[in-house]
Every structure is written in structure tokens, then in C-alpha cells.
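Throughout, residue positions are numbered sequentially from 1 according to the sequence presented. In listed order, ligands and their atoms are each counted from 1. What you see below is based on every heavy atom in this structure, not just the backbone, and it leaves out hydrogens, waters and symmetry mates.
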Amino acid sequence: MTPSCETVLLFGATGDLSRRMLLPSLFHLDADGLLPKHLVIYGTSRSHLTDQEFQALARTALEPFQAARPDAALEPFLARLRFVPVDASDPSGFAALAEAVGPCAQSGGLAIFLSTAPSLFEPTIAGLHGAGLAGENARIGLEKPLGHDLGSSRAINDAVASAFPEERTFRIDHYLGKETVQNLLALRFGNSLFEPRWNAGGVDHVQITVAETVGLEGRVGFYDGVGALRDMVQNHMLQLLALVAMEPPSRFDATAVRDEKVKVLRSLRRIDRSTAATHSVIGQYSAGAAAGAPVPGYAEELGKPSDTETFVALKAHVDNWRWKGVPFYMRTGKRLPVRHSEILIQFKGVPHSIFAERGAVLHPNRLIIRLQPEEGIRLMVMAKEPGLDRDGVRLREVPLDLSLVNAFSGARRRIAYERLLLDLIEGDPTLFVRRDEVEAQWEWIDAIRDGWSTNMMTPRTYQAGTWGPSAAIALTERDGVSWND
Ligand code: BG6
């Protein structure tokens, strides 16, 4: 690992992500004593704020977080904040930034975080380079979306690579900062119990669900034309799939882990023109209900009709020895009935039931790794119902529960960005996405989109507050599988 950075440059510092996630994460890290003592955070954006105005903006954003942890004072954190206005298209802002940061701070290391519109990435990188802010001590964190297809993603990656080599480029997928996602690795590779059955011999199928109750939430401009496949599957869900399916890395380090993930991503069987209609379902919500209240449909929120999908379900396969013939079902959508994100591993049933003649029905074991809303891991096993069994043996599925909230009750639940920002500052890329991974993800996604357009597939309607179009249910039921709602 490289030495910690002493200076953070936050591009897009006045934006929504910064106020909701980045500043709060940095505040928590500071309150826990995890930031380097002399670390200074420079916010930048096009707004012409003074240091004091930026600190006031941060104070407003942070007060609710501070109220939840009275042990932490806000003032020392606010004292770390400075502001330099930068317009990405104007080099003078970068010169002012370089002057403010100063050569000493540069030698102490720069952690740069871009949370701006992707269209600003290229000029921002050129500006940083031109102002001498892309030297050997600088590393850069990039927030998604990194392009809208393989070609545009390559263009962004090339622009980044012209100033920052891969080992200093940190592509963020905030799902990798989630505690339960990392716990998946602990579960798989910190226990000997699961791995022998974690293959086509032991697993019947895998389900990955990321269900959201929210609709557009004021993100109309961004979301329309992007859709669920590119917004959620291309990044978060494929990363989850890769972590579930990868071979054991030889060690927990950036190269070993990412080498194994990329092999999975490259082994994904294409869903293309010939299979898009049978292996994918797309939907768009119409008016319905959320949390018991009526909500408008997507097109009404948008103010015009649209072909953008707000729901997608896929049946994927990883074509390698380990996963031969095992379907990976994925679905994600907005305005679904509950907020619920989980990975379900359905194991195969016992080869022969000794209880069959006594009337007992056996269910195959299921391992459920719950990411949201509460984190937990649950193994469903068969147990005997208490009783004297005069009219047959009764077995029932019961959970072996690992509630992470209870097991680690003293630990504060962290924002995913806390982990990622600290790793960026300290220079550990293990939980960041490498260029070859992003490009493998886009290749797979582009084939699906091509399949949709060739087959003229448009989203089917589903009512807000339901589990997507009925075709999504048929996608698994055809294989005798039910989604775990
Ligand atoms: C973002 C997507 O990457 O992830 C959003 O752009 C989505 O559309 C969000 O709502 C979901 O993140 P989380 O952490 O709330 O599951």
C-alpha cells in the first residue's frame, strides 16, 4: 500500500452525492480518528463559494449525522474544508487549485474524487494534468456512470489513462463498500463449510434481487435513456454476481481478487439477439402505490412517453466448469413493493429422502445473504417439528440466522463510501473496479441492448408497488423456480 494522502480534492463538492454521502463519510472517518492528522479537503465546483460558505453548506448537510453521534464534534472537521471554484472548461481554475494545494501538499499525496457529470471527466482530467495535479503522488477516484456503452467507457478510460496509470485509478462501485458484500467473501473464504458445495454439483440456481421502492426521485434528467440495465446491472449486480461466482483468490489483495472477478465476467454467456427475448424481461412502472400512498407512473413523472426500462430481469449463465448449467437469475427495479436486496443460493436437494415414506416433504437448503434494508445471512435448513409423529414425520424449513446487526451490536453501521474513501486516501484498490472488469461488464450489457433493439423489445407495463411484469415471474417459473419475494 502507498502512503496516505494528506489532501483530498472533491470535484462536485456541492452536489447531491457529496452532501448525502461523501461529506458525511469523511466526517465519520474524522470522528473515528481515521483521517491523517493534517488532511485538508478542497471542495470544488462551478459555484463561487468562499471557504466559509462551503463550510456552512457542509454544516447543514452534516448536522443530522452529527446529531446521531453526539460523541463527534463538527468544528474540527469543518476546519479541514476549503473551497476553490473550478469550471472544468477553464484552465485558470485548475491553476488556482494547484496554487491553493501548494507543492508541499502535493508531495504529501493527493486523493482526487470526481463526482461530476461524466461529460466533465475528460476536461477535468486534462485540467488536473495541465496544472501539475496528476503527478505520481496523486490518485483519482471516479464515480459511475463510466460511459453508456463499451465505446464511451473506453473513451473515458483512455482519457483517464492519459494522466493516471491504472494503479492510481480507483473506479467506485459503492456496492463493494457495503459491509455485507464484503461479508460474502468472508462467508465463502473464511469458512470451509460452503465452498465444497459452491458449484454446479451443489447449487441449483442463484437469485440476485435489488428491489427499490423509490421512483425517479428528481433524477429524471439522468435516468431517462439510461434505464435499469445500465444503472444497476452493468455495475452493482454484475459485481455481486462476480463475487458469488469467482474462484477463491490466492490472497485478499487487489490483483488476486480482481483477476478472479474478471474471469467470471468474461465467462458470462452472452444474452444476444437470439436469446434476448427468452432470457430477459423489461418493464416500466405505471401509476400505483408506494408505502400505501398513490404514486404516478414513470411517463407521468417524466412528462412524456419513454421506452426506458425501470425494471429488468435476466437469466444468466457463467460458462465454466464450476457453474455449468446453473442459472443466475437477476432482477432489479424501481417502484417495487419493498426495498429488499439479497443474494439467494439455492442448493440442490438431498439425493434420496429417507422420510418420503413417512410423508415428510423436504425443501432444498437456501442461503440468503441480505444486503438491505437490514444486513444478515440466513441458512434455511430442514428440522423436525416437535411431536410424537403418530401420523407421519413432519419436517419444517427453519432459519439458521446470523443477524449482523445483533452479532456485532457494538459496531456502527457505516456508509459504504466511508470504506471506499478511506481506501482511496490510503491507496488500497482491492474494492475498486479495474478497467478490464468495467469493459467486460459493458461488453455483456451491450449485447443485451443490441438484442432488445433487434427484437424490437420495449418495456412491459407493471403497476407501481408490484414485482414487475408477469413475464418476469414466467422467466423463472418456466424452470420450476420461484423468485424469493
Ligand atoms: C445507484 C443508482 O448507483 O444505486 C440508483 O444510480 C440506485 O438508481 C442506487 O437507486 C441504489 O443504491 P443503494 O445503495 O441505495 O442500494
Ion pair Arg370/Asp401, N-O distance below 4.0 Å: no
Residues lining ligand 1 [heavy-atom distance under 4.0 Å, listed by chain and residue number]: Lys144, His174, Tyr175, Lys178, Glu212, Arg219, Asp231, Met232, His236, Lys334, Arg339, Gln372
Shortest non-hydrogen contact from Leu35 toward Leu26: CD1-O, 3.6 Å
Within 45° cone of Trp323 ring axis and under 6.0 Å: Arg269 NZ or CZ: no
Side-chain donor-acceptor pairs under 3.5 Å in residues 457-465, sequence neighbours left out?
{"from": "Tyr462", "atom 1": "OH", "to": "Thr310", "atom 2": "O", "distance (Å)": "3.4"}
{"from": "Tyr462", "atom 1": "OH", "to": "Thr310", "atom 2": "OG1", "distance (Å)": "2.8"}
{"from": "Tyr462", "atom 1": "OH", "to": "Lys334", "atom 2": "O", "distance (Å)": "2.7"}

Donor-acceptor under 3.5 Å (Gln372 side chain, Arg339 main chain): no
Salt bridge Asp32-Arg414, side-chain N to carboxylate O under 4.0 Å: yes
